[in-house]
Amino acid sequence: MTPSLEARSLTRRFGSFVALDHLDLKVEGAKCVGFLGPNGAGKTTTLKMFTDLIFPTSGEAFINGISVQNDRKRALSVCGDLIETPEIYPSLSPREALEMSGALRGMDHAEIRSRTEEVLEEVKMSDWVDKKIGRFSKGMKQRINIAASLLSDPEVVLLDEPSTGLDPRGMSEVRDIIRGLKKGRRLIFMSSHILSEVVDVCDEVALLDHGKLLFFDTLSNVTSSFAGGTPSVDLSFKAPISDADVERLIVPLPGVAGWSRLDPRRLAVKVAGGADGQSQLLEQLAGLRLGLVGFRESRSALEEVYLREISTGDS
Amino acid sequence: MSGTGTPSVAMSGAESSRASLGRVPSTWAQAVILSRYQLRDYLRSRRFVLMMSIVALVGVILTAVVAYFRPASLIDNSSDFYGGLWAGGASFVILFAGIIFGGDAIAGEFQNKTGYFLMGLPVQRTTVYTGKYLAALAASLVTLVVFLLIVVGNAAFYLGPGAFTNLAPLLASFVLALLYLLALLGFTFLFSSLFKTSLYAVLVVAVLFLFGFTIISSVATSLAHIEPWFLISYASSIIGYPLTGTPPHIAHIRSPFGGGTMTVYSPSIPEGIAIMAGYFLITSLLGLWLFEREEFT
């Protein structure tokens, strides 16, 4: 069973304004895809058509091969979604809201009960399970919405800027949740304009601007193709590392094509060989016992690509 | 880098969805589930407190008036008593219940963004519309039954066991009131589907029922000299007929302002039922048709 999302020539016009222009995009398999673009690029419009909240002017959206426009009930039965920041009936408690969501999805009582506990625990809202949602802050409501979208353990998860309204701790927790979701056989499609969030959790990225798809590829390919040929990774160490140690121990490792210092404990290292090269480097670094505590693709590379592509689109 | 993909349908994915769909309840079952939670929301809301306050106020006024004046025409027998207290009050209670529970039922889904939560689930728009209609109906029914109990309580106080000797006319009147409630909710849901702002939806329905229909009815009968059969408010007068008897279809009465006579039309019970059933069917379906085309932009 391979979860999939597909847009076939998906177009949406609002009067003379083209919000989405013949989007052709197919995403397949268990992975997390970041859907990037500036405000007004068409990200939310796309996600709303994938959930049938709005209708396409032309084209079609498919979830697991089922047309959302022709059979929304079947298409959305495998999908959990969070579009904008929905409100839940204010006098209901999180438990009741999740009960309703689960019952409408056809989950049985025992399943709803156990999953409710799990997802509320996951979004750190267990202490509020029987309080009225109407009294919650925007961030708390967003957590409940995330919990509701995960309740049925869906194969496909659509998230529209899931960190919106959350404080820094909440944003970090949302990233942890998404990382946790990736452990299951699940396709996560997430719109965001927080590039660090995308770098943190996504495997692939699609960039949209003025309703047109500029590119769709793996994060490694995007950063290597656009950011001077060689992607870089940020390394964090638990203690400061000297230049001499870097030159002596890290530079000779296979794939290392250069480095620069970010701060006493952090380095940006250019790595050749794509994802394989990065994987190999990580293994070698772990073997060196240098106190490595962080290894992730450099944010700056994606940022560079993003800004370059958006400005190209504008010109 | 790729921007497009092959338009193939993954069979495994389709099979997986079929398996999931097997668990998703039918549209009707989902509507009932949704109505349960919506009703719970209504019963805990300030609007329910407001509606119950209106019912209590109407009940207190009626009780006080009967207690003070003790009109012989009312406390003579149960039919007259119920005809005097129940028939007029029920239309009033139904009107307010329809506006309070149905006026923003659909518009509120857009304005309050609760629709984004519901429509993200594997439900049809029909499910949401029907579920909300059932909840509004149930909440309105609760208030109507409370009003009925107030009237019956009064009757029991003044008539003793006589209040319960012939309940068939009261029951028939209650059934007609129920039909009026169905039709009125259909009408309010139509306007609720038409607007994405709750206030507009509520205002239009309230103004139409409190002033608009009265003016149209006067114009139709006095100036155009036609029976206002097309007005739901005209049909609602049949609610009291099982208790008070059906008046003549056309009556000519002396104008209270002098200068001759005026014609007064009264629907027969079958005519009133047909008008209310027509309103219920046409406005409900039209409202659903509109909601099916609404977008959550």
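Note on naming: letters A, B, ... go to the chains in the order of the sequence lines (proteins, then strands), and numbering restarts at 1 for each one.
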Query - Interatomic spacing from CD in Glu84(A) to CZ in Phe117(B) - rounded to 0.5 Å - result: 15.5 Å
Report summary line: Between Ala103(A) and Pro25(B), the two heavy atoms sitting closest are O-CG, 3.5 Å
Report task. Consider only side-chain N and O atoms of Tyr89(A) and Gln38(B), and report whether a donor and an acceptor are under 3.5 Å apart. Result -> yes
Query - Part of Leu118(B) lying under 4.5 Å from any heavy atom of chain A - result: side chain
Query - Proximity breakdown for Thr297(B) and chain A, heavy-atom pairs closer than 4.5 Å - result: both
Report summary line: chain B shares the most heavy-atom pairs under 4.5 Å, among Ser91(A), Ala7(A), Ala148(A), with Ser91(A)
Query raised in the report: So, Arg12(A) and Glu295(B), do they make that salt bridge, N to O below 4.0 Å?
Result: yes
Query - Distance (rounded to the nearest 0.5 Å) between Asp41(B) CG and Ile133(A) CD1 - result: 10.0 Å
Query - Contact leader toward chain B among Leu82(A), Asp81(A), Leu104(A), where contacts are heavy-atom pairs under 4.5 Å - result: Leu104(A)
Query raised in the report: Taking Val156(A), Ile83(A), Ile88(A) one by one, which has the highest count of heavy-atom pairs under 4.5 Å against chain B?
Result: Ile88(A)
Query raised in the report: Which bit of Arg293(B) is near chain A, if near means a heavy-atom gap under 4.5 Å: side chain, backbone, both or neither?
Result: backbone
Query raised in the report: Would you find a donor on one side and an acceptor on the other, under 3.5 Å apart, between the side chain of Arg105(A) and the backbone of Leu121(B)?
Result: no
**Report entry** Ion pair check, Asp52(A) and Arg125(B), cut-off under 4.0 Å
**Finding:** yes
Requested in this report: Kindly indicate whether the side chain of Thr51(A), heavy atoms from C-beta on, has any atom under 4.5 Å from the side chain of Tyr116(B).
Outcome: no
Query raised in the report: Is the count of non-hydrogen atoms from other residues, nucleotides or ligands lying under 6.0 Å from Lys212(A) atom NZ greater than 12?
Result: no
Query raised in the report: With a 4.5 Å heavy-atom cut-off, do Val24(B) and Lys73(A) have their side chains touching?
Result: yes
Query raised in the report: Should we count CZ of Phe136(A) as having more than 12 external heavy atoms under 6.0 Å?
Result: yes
Query raised in the report: When you measure from the side chain of Arg72(A) to the backbone N and O of Gly120(B), does any donor-acceptor pair fall under 3.5 Å?
Result: no
Query - Value rounded to 0.5 Å, distance of CZ in Arg40(B) from CE in Met100(A) - result: 10.0 Å
Report summary line: CD (Glu87(A)) and CG (Asn112(B)) are apart, to the nearest 0.5 Å, by 7.5 Å
Query - Presence of salt bridge, Arg23(B) and Glu111(A), under 4.0 angstrom - result: yes
